[in-house]
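Contents: one structure, followed by commentary.
No hydrogens, no waters, no symmetry mates; every other heavy atom, side chains included, goes into these values. The residues of the chain are indexed from 1 along the displayed sequence.
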Amino acid sequence: MATHGISQLDYRHLDTTEAHGKLGEAVWEQVHKILDFKIETVKLAGVAEFTRKARRIQAAVAARIQDTGIDPAIRQALQAYMGALGAWAQGARLDTYRHDRLQGAAVDGQPISGRELAMILQTEQMGCQTGMVRDEDGAIWLWHTEEDVDKTPGGRFDAIRTFAFRYGGRTITSFVYPDLLPGPSFGWSGERYVQAVDTLYIKSLPDGDAIPPNIATWVTLCLGAEVPLTEIVGALSPYQAGYALSAVSRSPQEVRGENVEFTADHLTYTQLGEAYGQFLFQVNLISDRSCRLSQKFEEISAEMEGFMLARIQRTEHALAGFTASGSKLEFLHQMIASRDGGEYAYVNKDVKAFILCRLSESGLEKWIGVGSADSQEDLVLFR
């Protein structure tokens, strides 16, 4: 079903594995185009190394599933992830994928499997920016712009899609890229949890037994604050790259806003304050510019750091007017419709979609827009 330019892939009537198989079926043509591009831009030796990396990841995930020191709920979700990835690979016809460079190719004596091709794709990362602010009644607003640089128009991103499936008795809904499982963008679990993810600029790290951070954010989305975020992220480390996970959740006691920045085997945690107007804002920088995480792992040019810091300053300046504003929805929408900042403004050519949502004691309201936030008409109340 397509509504307001959003293709809604609703498979909540199926189990987790079957739903991901259907998702793969829906995107297989674009996935093959993306694989074609990846393979054509690297030599065969690069394909071999990608494959070895995928195999190391699979072994690392298997080891975590068997680790009895990890919370059973996390291990169960991780096992479900591997089942979902396999079903997605099958639905996307990766076992029958063909490319001239792969004709008869084997890596270390073993053919390249569809699941390995799927895992290779899961190492991809995007840009984005996310914020959350406390409302007067204790509710929390969260906003996120989904950004991805598509050097060849349509080369990677071909449509706005949301994907709904079931896990643990809850309906999970997520914005999805054609080549990625849910998790590394924005999504929500039932009426009590919503998350959004931003990539961090991290230097190249050794693989070892590290996994893509995408896997951790799939697990956090499915568990929906059933297990503390820091416990999930810590248990699944180390990671091959860096993410900032912003999440808002509701319990009988409170509406909580949290941010976890993580890479390798390190993480930092920040909780949103309870006072009206308190906010957290995340770009692709590690928030604490002097912390060990930043000093040890971040790698960013001075020019790019300046662009990111300017994004933070513009948002902080805008949010100074939040408590005095009338309609909070209108205020926040106007903020993310700003063109201040040129190529790094909220409205820029790389924005694929955005979300504005409000989680309160009574439930979750969410509005999704296609492309940049330009006018009030592009807000779609999502149900």
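- For Q58, the CD atom sits in a packed shell: over 12 heavy atoms of surrounding residues, nucleotides or ligands are nearer than 6.0 Å.
- With 3.5 Å as the limit, one finds no donor-acceptor pair spanning the side chains of Q240 and T123.
- Interatomic distance, D179 CG to Q30 CD, rounded to the nearest 0.5 Å: 8.5 Å.
- Between the side chains of E146 and Y177, at least one donor N or O sits under 3.5 Å from an acceptor N or O.
- Proximity of W218 to P212: side-chain heavy atoms (C-beta onward) are nowhere separated by under 4.5 Å.
- A distance below 6.0 Å separates the ring centres of H20 and F163.
- Annotation for E25: atom CD counts as buried by contact number, over 12 foreign heavy atoms lying within 6.0 Å.
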Pair L205, F297 - check side chain to side chain contact (heavy atoms under 4.5 Å, CB included), show working.
CA-CA 9 Å; L205 300 170; F297 296 105; 3.8 Å; yes

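- Checked against the 6.0 Å centroid criterion, the rings of F322 and F279 do not qualify as a close aromatic pair.
- The heavy-atom pair separating M132 from G257 by the smallest distance is SD-CA, 3.6 Å.
- A distance of 6.0 Å or more separates the ring centres of Y346 and Y344.
- The line from CG of L356 to CG of L329 is 6.0 Å long, rounded to the nearest 0.5 Å.
- Judged by the 6.0 Å distance and 45° axis criteria, K352 is positioned over the aromatic ring of F157.
- For Y167 against A80, the heavy-atom pair with the smallest separation is CE1-CB, 3.7 Å.
- Counting non-hydrogen atoms of other residues, nucleotides and ligands closer than 6.0 Å to CD of E361 gives a total of 12 or fewer.
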Stepwise, does the side chain to side chain contact (heavy atoms under 4.5 Å, CB included) test hold for L9 with K22?
CA-CA 9 Å; L9 305 175; K22 290 293 186 181; over 6 Å; no

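- Of all heavy-atom pairs between E147 and N348, the closest is OE2-ND2, 3.4 Å.
- For the residue pair R166 / T16, no side-chain donor-acceptor distance below 3.5 Å is found, with atom types taken as modelled.
- Counted within 6.0 Å of CD on E258, heavy atoms from surrounding residues, nucleotides or ligands total more than 12; the atom is thus considered enclosed.
- Within 6.0 Å of the NE2 atom in H317, the count of heavy atoms belonging to other residues, nucleotides or ligands does not exceed 12.
- At most 12 non-hydrogen atoms from other residues, nucleotides or ligands lie less than 6.0 angstrom from CD of E274.
- Proximity of E136 to K328: side-chain heavy atoms (C-beta onward) are nowhere separated by under 4.5 Å.
- With S246 as reference, N259 is the one residue of D198, T130, N259 to meet the side-chain hydrogen bond (donor to acceptor under 3.5 Å, both in side chains) rule.
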Can R314 and D340 be said to form a salt bridge (Lys or Arg N to Asp or Glu O under 4.0 Å), step by step?
CA-CA 8 Å; R314 287 192 297 272; D340 292 343; over 6 Å; no

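- Contacts classified as side chain to side chain donor-acceptor pair (under 3.5 Å) and involving residues 228-238 (residues at least two apart or in different chains) are not found.
- Within 6.0 Å of CD in E303 there are 12 or fewer heavy atoms belonging to other residues, nucleotides or ligands.
- Here the CD1 atom belonging to I368 is positioned 6.0 Å from the OG1 atom belonging to T162, to the nearest 0.5 angstrom.
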